[in-house]
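A quick write-up on the structure given underneath.
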Amino acid sequence: MTIKEQAQKGIITKEIEICALAEGIEPEKLRKLVAEGKAVIPANKKFRLSRPGAIGEGLRTKVNANIGTSRDFPEPEPELEKLKAALAAGADAIMDLSTGGPLDEIRKKIRENCPVPLGTVPIYQVAVETVQNNKSIVEMTVDHMFKVIEKQAEDGIDFMTIHCGVTRTVLERFNYSQRILGVVSRGGSFLVEWMVYNDKENPFYENFDDLLAIAKEYDITLSLGDGIRPGCLADATDGPQIQELIILGELTLQAWEAGVQVMIEGPGHVPLDQVETNVKLEKRICHGAPFYVLGPLVTDIAPGYDHIGCAIGGAIAAAAGADFLCYVTPAEHLRLPTVEDIREGVIAARIAGHAADIVKGVPGAIEKDIAMAKARARLDWEEQIRLSIDPEKAKRYRKEGGVSKGKACTMCGEYCAIKVFERAKLKKFFSKDE
């Protein structure tokens, strides 16, 4: 039985116990959420995670970090360094999006060194291997697509992005759309080209039962991909995007019926005033399934700073009910990210998630900020650094600021407001005896 099927039968699995403890909630509460499909625990039967995580309603907002090779940078070693950096920065999940080099070897190495849920986009490997065989992407075979999914499942992948909602019906919506950027999802574009050239339906939609059979066998969480997500603000919340979401909602019910865990991927590039609407639409149309948002980026003009645009959109999305944030690095739209880009992206997304958790009332969230406030009131720098989302950077800045110059920071020095107020408290006005 899958984790979901066991939860539906009232069984509290080891994974539920571990995740409930980490969330600070009762195992029974998490069991119920998993049973209802409002939370998922990505955990392939083939690989025992040392740090499983639950994603969903009322739980701490989780952060995913994408790593992976490209044709120009095919070596696996740099990606293992990025994996370490992402984990050290606090990533809750990793996705291997490799498209260059020995893909099977790279994936296995990442799996061996990844204690948290690991995801992939199988269509990438299908496309790469097809091209390596001197064929075109439109010559991908359905058999190859499903063999790659099964191979990655056998390797211990916990969740997979499958673009099941890119159907012929959705493509028809483009006839009534004024999109600027068309399809920006790499996996989605592979399928669109294949479907148009071969004049056939999306194989993952048409053979969804076969996909469910593999997912159930290995207890893989399906991350139903948004292949038609908007790639710029002007394309947000349009007909093709919503049509795909409607189909994903229908597929969610089929997956649940089969005992398979599901989360839904979302946009993308979205104006600030549409972020909350997108979250509410997903929760309504997809029956409360966990929402995995790719950003969202709230402006298109911040190359080099897209991690900031992502953090803004991610905070709003998570506060509105999104459950899982896919980080964006400063290198987004520009290049393959470096180790430092990975760190910056994870930290920015974690800040967004934590800010939202305070709004959502997630257990333990506001308590962290209260502890920080008390440490600041005491000018307790060691405690402030310990409580920081990025203690390493906080410690470095404190040291660079000249800790020997006094107890306050070098911004205020003797004019530190906290110190001044402490002196004022000694005056008669604040005396409790008066």
Side-chain angles (χ1 to χ4, degrees), residues 37-38 40 119 121-123 140 142 145-146 149 159-177 179 181-196 198-216 220-231 235-270 274 277-294 296 321-324 326:
K38 294 179 180 178
V40 297
V121 186
I123 195 70
M140 296 185 298
V142 177
M145 294 178 191
F146 280 87
I149 290 173
F159 64 101
M160 294 183 184
T161 293
I162 312 288
H163 302 91
C164 304
V166 182
T167 67
R168 292 167 70 94
T169 300
V170 171
L171 296 187
E172 289 174 4
R173 300 278 74 75
F174 280 97
N175 293 323
Y176 310 97
S177 170
R179 277 203 172 194
L181 276 172
V183 175
V184 298
S185 161
R186 185 161 47 183
S189 70
F190 293 163
L191 284 168
V192 168
E193 185 180 24
W194 187 92
M195 291 164 63
V196 170
N198 293 287
D199 193 25
K200 290 184 178 180
E201 183 56 275
N202 180 343
F204 298 129
Y205 177 76
E206 195 167 47
N207 302 284
F208 192 61
D209 286 342
D210 294 334
L211 178 62
L212 291 179
I214 297 174
K216 183 172 182 177
I220 291 168
T221 297
L222 291 181
S223 186
L224 298 182
D226 53 340
I228 311 297
R229 67 177 179 267
D235 294 346
T237 326
D238 67 353
Q241 178 195 334
I242 302 306
Q243 181 67 45
E244 180 185 31
L245 187 64
I246 290 170
I247 291 171
L248 297 184
E250 295 168 351
L251 295 177
T252 296
L253 294 179
Q254 291 184 44
W256 286 350
E257 183 67 25
V260 173
Q261 299 186 95
V262 169
M263 56 185 170
I264 308 297
E265 295 187 13
H269 292 239
V270 183
Q274 295 180 32
T277 298
N278 272 262
V279 176
K280 289 184 176 179
L281 275 172
E282 184 276 340
K283 290 293 181 177
R284 175 64 176 169
I285 293 173
C286 297
H287 320 287
F291 199 20
Y292 176 20
V293 292
L294 312 181
D323 310 286
F324 195 20
C326 187

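Once rounded to the nearest 0.5 Å, the distance linking CG of Leu224 with OH of Tyr205 reads 12.5 Å. In this structure, CZ on Arg229 lies 6.5 Å from NE2 on His163, to the nearest 0.5 angstrom. Rounding to the nearest 0.5 angstrom, the gap separating the CZ atom in Phe159 from the CE atom in Met263 is 5.0 Å. Interatomic distance, CD1 of Ile149 versus CE of Met160, reported as 6.5 Å (0.5 Å rounding). Within the model, atoms NE2 of His287 and CG of Leu253 stand 3.5 Å from one another, a figure rounded to the nearest 0.5 Å. Atom SG in Cys164 sits 6.5 Å away from atom CG in Leu222 (nearest 0.5 Å).
Under the salt bridge (charged side-chain N to carboxylate O under 4.0 Å, His left out) criterion, Arg168 pairs with Asp199, sequence neighbours left out. Thr277 pairs by the side chain to side chain contact (heavy atoms under 4.5 Å, CB included) definition with Leu281, not counting sequence neighbours. Every residue meeting the side chain to side chain contact (heavy atoms under 4.5 Å, CB included) condition with Val142, not counting sequence neighbours, appears here in chain and number order: Phe146, Trp194, Pro203, Asn207.
At least one side-chain heavy atom of Phe174 sits under 4.5 Å from a side-chain heavy atom of Val183. Proximity of Leu245 to Ile264: side-chain heavy atoms (C-beta onward) are separated by under 4.5 Å at one or more points.
The shortest heavy-atom contact between Gly187 and Ile123 is CA-CG2, 3.7 Å. Residues Asp323 and Pro290 approach most closely at OD2-CA, 3.2 Å, considering heavy atoms. The two residues Cys326 and Tyr292 come nearest to each other via the heavy atoms CB-CE1, 3.4 Å. Nearest approach of Ala236 to Val270, heavy atoms of both residues: CB-CA, 4.1 Å. The two residues Ile246 and Ile285 make their nearest non-hydrogen contact at CA-CG2, 3.7 Å. For the residue pair Val279 and Ala322, the shortest heavy atom distance occurs at CG1-N, 3.6 Å.
Judged by distance alone, the side chain of Asn202 and the main-chain N or O of Leu191 form no donor-acceptor pair under 3.5 Å. Under the 3.5 Å distance criterion, the side-chain polar atoms of Glu244 are matched with a main-chain donor or acceptor of Ile228.
Between the side chains of Asn278 and Thr237, at least one donor N or O sits under 3.5 Å from an acceptor N or O.
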Original post:
How far apart are the C-alpha atoms of Arg179 and Gln241, what are their side-chain angles, what is the distance that settles it, and do they pass the side chain to side chain contact (heavy atoms under 4.5 Å, CB included) test?
Top reply: CA-CA 11 Å; Arg179 277 203 172 194; Gln241 178 195 334; 3.8 Å; yes
**OP:** Apply the test side chain to side chain contact (heavy atoms under 4.5 Å, CB included) to residues Thr169 and Gln243: give CA-CA distance (whole Å), side-chain angles for both, the deciding distance (0.1 Å), then the verdict.
**Re:** CA-CA 8 Å; Thr169 300; Gln243 181 67 45; 3.9 Å; yes
Original post:
So Arg173 and Ile242, side chain to side chain contact (heavy atoms under 4.5 Å, CB included) or not? Walk me through it.
Top reply: CA-CA 10 Å; Arg173 300 278 74 75; Ile242 302 306; over 6 Å; no
**OP:** Let me see the working for Asp226 and Ser185 under side chain to side chain contact (heavy atoms under 4.5 Å, CB included), right down to the final yes or no.
**Re:** CA-CA 8 Å; Asp226 53 340; Ser185 161; over 6 Å; no
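Between Lys216 and Asp209 there is no salt bridge, since no side-chain nitrogen of the basic residue lies less than 4.0 Å from a carboxylate oxygen of the acidic one.
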